[in-house]
Amino acid sequence: MKIIVPATSANLGAGFDSIGIALNLYLTVEVLERQDFWQIDHNLGSEIATDENNLLLTTLFDVLSAKKTVLSAKYHLKMTSAIPLARGLGSSSSVIVAGIELANQLADLKLSPTEKLDLACQIEGHPDNVAPAIFGNLVVASTVDTVTNTIKAAFPNCKFLAFVPHHELKTVESRKVLPEVLPYKEAVAASAIANVLTASLLTGDLETAGQVLETDRFHEIYRAALIPELAILREIGHQFGAYGTYLSGAGPTVMLLCSDEKRPLLLEKIKATQLKGEIYALEIDTKGLRVEKNLP
Ligand SMILES: Nc1ncnc2c1ncn2[C@@H]1O[C@H](COP(=O)(O)OP(=O)(O)O)[C@@H](O)[C@H]1O
Ligand SMILES: N[C@@H](CCOP(=O)(O)O)C(=O)O
């Protein structure tokens, strides 16, 4: 059995903690054989646990406990991920969603997608990266007072260029620079921008979406100092025809939205900056979480 979970790019500017998309980079978890202890073989480096302390298994145990279930068996697992860690592409949400699905499969919990999302939001605290990881495509969601509502929709037809800096930025660190309160007038303006962003995405108006996603007042203005690449890449986006540029998740990845035809030139111009990082040409993942079962 193999569990496959896509990367995500959350926020899209003013959709802070609420809007996210699934992208075609994947985390996979394979169940190998039963054995006397939990073991995860993975390709993620020595800082990521290979035993019960791994986020995959702490999530699995949290789900079992929430569902008042125990699992007598332990397993040898293989985890592979192409999602860079702590870069704002949802590596933690991918492993949380995989852990929920692993519990679902191994303990036969028969969780619905909504139950999986509720569990994921309890663990992650916000829905914007776990919801698209579960449902795929574009998801607009709210989690307020433990109640989550979601709308899945088709993202307008476009391409993505992700500039992933070599330096990591943990979400927990990137949230520390956010203000505790937002003045009323500022909150109204920020939410009006978010409303136009949502409406433009749902009606396929990428020109408007691209403009408004650069005017966020919820998080980018506070985080921009942590990510000097954002201003440089946004300027390239303006000069060479991107629809818009935003901080992916909590950063430091910077995402450019563009047409198929503009992508090669943008890629060339980003490379020419010699900023230190990797560039990924990405597409929307429309399916989200999936499970492949071995054929009998
Ligand atoms: N496959 C994984 N297995 C175990 N832990 C992981 C995995 N992927 C991510 N993590 C944990 O999540 C952290 C990154 O989470 P976070 O700071 O939210 O960044 P991201 O934007 O990538 O989700 C990593 O430093 C690691 O502790
Ligand atoms: N809304 C959150 C999104 C974090 O996403 P991640 O992919 O960086 O974990 C935030 O901006 O803090």
Side-chain angles (χ1 to χ4, degrees), residues 3-23 25-30 38-62 77-102 120-121 123-133 139-143 162 164-165 167-179 190 194 213 216-224 226-227 230 246-255 278 280 282:
I3 295 167
I4 303 167
V5 188
T8 56
S9 177
N11 298 328
L12 287 92
F16 178 67
D17 274 1
S18 171
I19 299 182
I21 52 177
L23 294 166
L25 285 177
Y26 299 96
L27 169 96
T28 63
V29 175
E30 243 176 299
W38 287 102
Q39 178 189 349
I40 307 175
D41 296 342
H42 66 66
N43 66 337
L44 296 165
S46 56
E47 290 191 3
I48 300 295
T50 56
D51 58 12
E52 282 100 337
N53 294 313
N54 188 292
L55 185 53
L56 179 80
L57 293 177
T58 58
T59 302
L60 173 127
F61 301 136
D62 286 348
L77 306 169
K78 182 177 173 193
M79 178 158 70
T80 311
S81 185
I83 308 172
L85 299 184
R87 297 296 195 285
L89 287 168
S91 72
S92 58
S93 47
S94 70
V95 72
I96 288 168
V97 169
I100 292 168
E101 188 57 45
L102 189 63
C121 289
I123 296 166
E124 183 72 343
H126 43 86
D128 53 335
N129 47 15
V130 287
V139 181
V140 182
S142 60
T143 299
V164 183
H167 60 93
E168 65 169 37
L169 175 60
K170 294 216 161 127
T171 302
V172 65
E173 295 303 322
S174 184
R175 288 183 87 87
K176 284 185 187 158
V177 302
L178 302 177
L213 62 72
D216 164 56
R217 297 180 185 201
F218 283 124
H219 77 114
E220 279 196 8
I221 50 172
Y222 305 104
R223 288 170 161 168
L226 300 174
I227 302 126
L230 176 61
Y246 67 92
L247 203 56
S248 181
T253 290
V254 177
M255 190 71 79
E278 308 291 325
Y280 292 66
L282 299 172

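We count residues from 1, following the sequence as given. Whatever order the structure lists them in is the order used to number ligands and atoms, beginning at 1.
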If we number the atoms of ligand 1 from 1 as shown, the ones under 4.0 Å from a heavy atom of Leu85 are 8 (N), 9 (C), 22 (O)

Of all protein heavy atoms, the one nearest atom 5 (O) of ligand 2 is Asn129 ND2, 3.1 Å

Quick look: Leu44 vs ligand 1, heavy-atom contacts under 4.0 Å, and the answer is side chain

Note: heavy atom closest to atom 21 (O) of ligand 1, options Ala250, Gly88, Ser92, Ser248, belongs to Gly88

Those residues at least two apart in sequence (or on a different chain) that pass ring-ring contact (aromatic ring centres under 6.0 Å, His included) with Phe16 are His219

Checking heavy atoms under 4.0 Å, the part of Arg87 that sits near ligand 1 is backbone

In ligand 1, the atoms that come under 4.0 Å of a heavy atom of Leu27 are 1 (N)

A student checking ligand 2 against Gly249 at a 4.0 Å heavy-atom cut-off should list atoms 5 (O), 8 (O), 11 (O)

(request) Say whether, by atom type as modelled, one donor and one acceptor occur between the side chain of Asn11 and the main chain of Asp17 under 3.5 angstrom. (result) yes

Sorted by chain and number, sequence neighbours left out, side chain to side chain donor-acceptor pair (under 3.5 Å) with Ser174 holds for Arg223

Here the atoms of ligand 1 under 4.0 Å from any heavy atom belonging to Asn54 are 3 (N), 4 (C)

The side chain to side chain donor-acceptor pair (under 3.5 Å) partner of Glu124 among Thr171, Asn129, Thr59 is Asn129

Closest to atom 17 (O) of ligand 1 (heavy atoms only, candidates Thr171, Leu169, Thr253) is Thr171

Margin query: Counting only nitrogen or oxygen atoms and a 3.5 angstrom limit, does Glu124 reach ligand 1?
Written below: no

Note: heavy atom closest to atom 27 (O) of ligand 1, options Leu55, Leu89, Ile48, Ile96, belongs to Ile48

Counting from 1 in the order shown, the ligand 1 atoms closer than 4.0 Å to a non-hydrogen atom of Met79 are 1 (N), 2 (C), 3 (N)

Can you tell me if Ser248 uses its side chain to pair, donor with acceptor, with the backbone of Gly88 under 3.5 Å? yes

Audit row: His126, Arg175, side chain to side chain contact (heavy atoms under 4.5 Å, CB included) steps and yes/no
CA-CA 12 Å; His126 43 86; Arg175 288 183 87 87; 3.7 Å; yes

N or O pair under 3.5 Å between Val172 and ligand 1:
no

Nearest heavy atom to atom 25 (O) of ligand 1, choosing from Glu168, Glu47, Lys170, Glu173, belongs to Lys170

